[in-house]
4 protein chains.
Amino acid sequence: MTKIVALALQIVPGDARPIFRQIVDGIREDIANGKLPVGSKLPSVRGLAMQLTVNANTIAKAYNELVCQGLLESHKGLGMFIAKPTQLLSDEAQENCLKAAIASFNNAVMYLDYSAEEMTEQLLNELKKLNRD
Amino acid sequence: MTKIVALALQIVPGDARPIFRQIVDGIREDIANGKLPVGSKLPSVRGLAMQLTVNANTIAKAYNELVCQGLLESHKGLGMFIAKPTQLLSDEAQENCLKAAIASFNNAVMYLDYSAEEMTEQLLNELKKLNRD
Amino acid sequence: MTKIVALALQIVPGDARPIFRQIVDGIREDIANGKLPVGSKLPSVRGLAMQLTVNANTIAKAYNELVCQGLLESHKGLGMFIAKPTQLLSDEAQENCLKAAIASFNNAVMYLDYSAEEMTEQLLNELKKLNRD
Amino acid sequence: MTKIVALALQIVPGDARPIFRQIVDGIREDIANGKLPVGSKLPSVRGLAMQLTVNANTIAKAYNELVCQGLLESHKGLGMFIAKPTQLLSDEAQENCLKAAIASFNNAVMYLDYSAEEMTEQLLNELKKLNRD
DNA sequence: GTGGTCTAGACCACT
DNA sequence: GTGGTCTAGACCACA
């Protein structure tokens with residue numbers, strides 16, 4: 001039987017990201033954390049919309065993006081479920097993805113008064129925290 | 001005499017970022033690289049607009065953002081120049097900036113088949129490369 | 001629930017400042033006065049443009065500058081909101097800001113028949129009035 | 001006989017003000033300081049343009065503004081001279097001028113982490129420095 | 001409905 | 001020539 005989970009998502013008003021993106025990111029994290037194991041059933045679009053007091057279209061958009069990313073599966077009449085992980089990206093695509101992420105990070109922090117070592121250490125800590133949870 | 005530089009910027013239509021942001025990011029990199037030393041004169045708003053075949057207002061918007069970030073100085077009738085680097089952001093703002101960059105990086109690479117150590121090592125290399133150039 | 005405020009801004013055609021700056025300054029004052037408490041929703045870009053009979057782009061430019069200054073938060077599809085106040089500027093930047101303001105004040109009042117003490121006293125009163133409101 | 005003065009003006013590239021304004025402000029200060037007593041002859045437009053390595057039109061514009069302000073007198077064929085001070089502003093105009101200066105100062109420093117007392121003290125010091133020199 | 005981006009073109013201020 | 005401001009109007013992204 002599939003476990004029905006309750007999401008602990010938080011919509012932060014001060015966050016620069018649009019709401020649907022906060023939801024996407026939050027669910028991605030929970031999957032990576034293991035809080036949402038494969039096969040778990042997610043709250044319904046309307047239910048989550050009520051819980052977060054946002055528009056149902058916004059939830060639908062977030063779920064839709066996660067389906068596109070291969071992280072969710074929509075089972076008609078049953079709901080949304082965490083999909084079995086399948087690595088969709090080729091090695092080359094992964095490499096490009098990492099490079100893009102590095103370039104973006106670089107550009108964001110390039111003029112801050114932190115040493116390269118300080119920043120990578122903080123990043124490493126966060127990365128490990130994700131895997132551990 | 002101030003050196004007049006030619007930018008090697010490329011606008012990629014398929015890029016998720018808007019045009020003006022691609023320009024901002026590109027110039028930020030070139031300054032960090034040392035390709036644009038302090039005092040250099042940038043291409044004129046209209047000139048760069050022609051070169052990149054975008055509207056002059058778009059260039060002006062990008063230049064304006066860089067002025068806000070303290071990287072450029074604008075002088076009516078003379079042009080745009082690379083400013084002497086100073087830290088405009090408070091410690092708190094810098095911290096937030098780093099955290100946002102880490103969260104964003106995290107989210108982008110979360111499902112790649114790289115270990116946390118591999119990724120941070122590559123990142124560290126890139127960060128050091130910037131400082132060295 | 002967020003309060004929706006009506007701005008009492010006035011655009012003065014004869015003013016030396018450009019329109020967008022008059023708007024920026026006016027909103028800054030209203031925030032400092034406490035007329036616009038944290039979380040308030042501002043008039044929409046198009047709505048304020050109609051009210052002031054200026055182009056929507058001009059309003060957008062003013063709002064954008066206030067976002068850069070950390071006084072506003074923008075949320076696509078929702079509107080513009082008064083942000084929680086934080087100090088974005090480094091100590092050095094703040095010092096420069098004060099020095100520039102002093103130099104500018106100096107230059108403006110240099111030939112008036114007021115003593116230095118009279119002027120600073122009036123200024124102090126105004127500064128305190130702001131904090132009190 | 002009229003004394004011929006050499007201006008110690010400095011054009012600062014990093015200054016936000018346009019060049020002609022830096023010249024206007026600089027001369028105003030020197031007059032207020034007493035470095036340029038009434039009747040002094042100023043450098044010629046072309047001469048000062050050479051000295052500062054700026055366009056002669058820029059100097060002419062600055063001189064012209066100072067004539068409008070009543071601080072300089074142009075004697076055809078002889079040159080520009082420091083005018084006898086005449087208070088052109090009515091009491092009401094002076095009051096408005098001071099109020100505008102205060103409002104502008106206020107708006108500029110409103111969000112800095114300085115107390116009202118700190119700021120007015122620094123301002124007072126600067127004002128006194130001008131009168132003393 | 002909200003804000004964000006971009007274009008085209010005008011006019012102004014400064015050098 | 002330089003940058004800055006403003007308008008008018010189109011199209012996109014988000015809720």
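Lettering follows sequence order; numbering is per chain, from 1.
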Fill in the blank from the handout: Its dot-bracket string being built from Watson-Crick and G-U pairs below 3.5 Å, with | for another strand and [ ] for crossing, DNA chain F has the pattern ||||||||||||||.
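- B/Q51 places a side-chain N or O within 3.5 Å of a backbone atom of B/L7 that can act as its donor or acceptor partner.
- The shortest side-chain heavy-atom distance between D/F105 and C/I102 falls under the 4.5 Å cut-off.
- Of the two residues contacting DNA chain E, namely C/V45 and B/T53, the nearest-nucleotide position lying further toward the 5' end is that of C/V45.
- Listed by chain and number, the residues in a side chain to side chain donor-acceptor pair (under 3.5 Å) with B/Q69 are B/R28, B/E65 (sequence neighbours excluded).
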Handout entry: Test log, rule side chain to side chain contact (heavy atoms under 4.5 Å, CB included), inputs C/Y63 and C/V24
Key = CA-CA 7 Å; C/Y63 278 4; C/V24 168; over 6 Å; no
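- A donor-acceptor contact under 3.5 angstrom links the side-chain atoms of C/R46 to the base of E/dG3.
- For B/S74 and F/dG4, the shortest distance from a side-chain N or O to OP1 or OP2 is below 4.0 Å.
- Heavy-atom contacts from other residues, nucleotides or ligands closer than 6.0 Å to CZ of D/R46 number 12 or fewer.
- Judged by distance alone, with hydrogens and angles left aside, the side-chain atoms of C/Q87 form a donor-acceptor pair with the main-chain N or O of C/L89 at under 3.5 Å.
- Toward the 5′ end of DNA chain E lies the nearest nucleotide of B/P18, the other residue of the pair B/K76 and B/P18 mapping further downstream.
- The stretch residues 54-69 of chain D has no heavy atom under 4.0 Å from DNA chain F, so no residue of it qualifies as close.
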